[in-house]
Amino acid sequence: MRSETRTGPVGDSVDDSVPGDGLVKAGVVVFAVGAVATLVTVAPLLLGTEPFPTVAYLVSMLMGVGFALAGAGVLRSVAAQRRQARRTA
């Protein structure tokens, strides 16, 4: 494992990105937006105030979309690592 460690001088940019990283990052952001929307949507129900319009409930569905995006990114990363392992073996 020691031979796989990449070290370099400070400021040396090493590109460690693999396919799927962008999808995982986008999925995290979309999931976070959906989670905040879910909290905001549920709050009036717990406080006994007037519920938000339907659009707020639709935005809270982004939580599932973000989870699916991140999962697709992980699967894409796994597939890329398998292809690389097959090439080196």
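The first residue in the sequence is number 1, and the count goes up from there. No hydrogens, no waters, no symmetry mates; every other heavy atom, side chains included, goes into these values.
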**OP:** Go through the structure and list residues passing side-chain contact (heavy atoms from CB on, under 4.5 Å) with T88, not counting sequence neighbours.
**Re:**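 By the side-chain contact (heavy atoms from CB on, under 4.5 Å) rule, T88 matches no residue at all.
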Do you know the tightest heavy-atom contact between [X] and [Y]?
{"X": "V40", "Y": "P44", "value": "O-CD, 3.0 Å"}
{"X": "G73", "Y": "L23", "value": "CA-CB, 3.6 Å"}
{"X": "S60", "Y": "T38", "value": "CB-OG1, 3.2 Å"}
{"X": "A70", "Y": "V24", "value": "O-CG2, 3.7 Å"}
{"X": "L45", "Y": "P51", "value": "CD2-CB, 4.2 Å"}
{"X": "A56", "Y": "T41", "value": "O-OG1, 3.5 Å"}

Any link between [X] and [Y] through a network of hydrophobic side chains (Ile, Leu, Val, Met, Phe, Trp, Tyr) touching at under 4.5 Å?
{"X": "V33", "Y": "V55", "value": "yes"}
{"X": "M63", "Y": "F67", "value": "yes"}
{"X": "V65", "Y": "V59", "value": "yes"}

**OP:** For residues D21 and V18, determine if any side-chain heavy atom of one lies less than 4.5 Å from a side-chain heavy atom of the other.
**Re:**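 The answer is yes, as the side chains (C-beta and beyond) meet within the 4.5 Å cut-off.
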**OP:** Could you grab the distance from atom CZ of F52 to atom CG of L58, nearest 0.5 Å is fine?
**Re:**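 Answer rounded to 0.5 Å: 14.0 Å.
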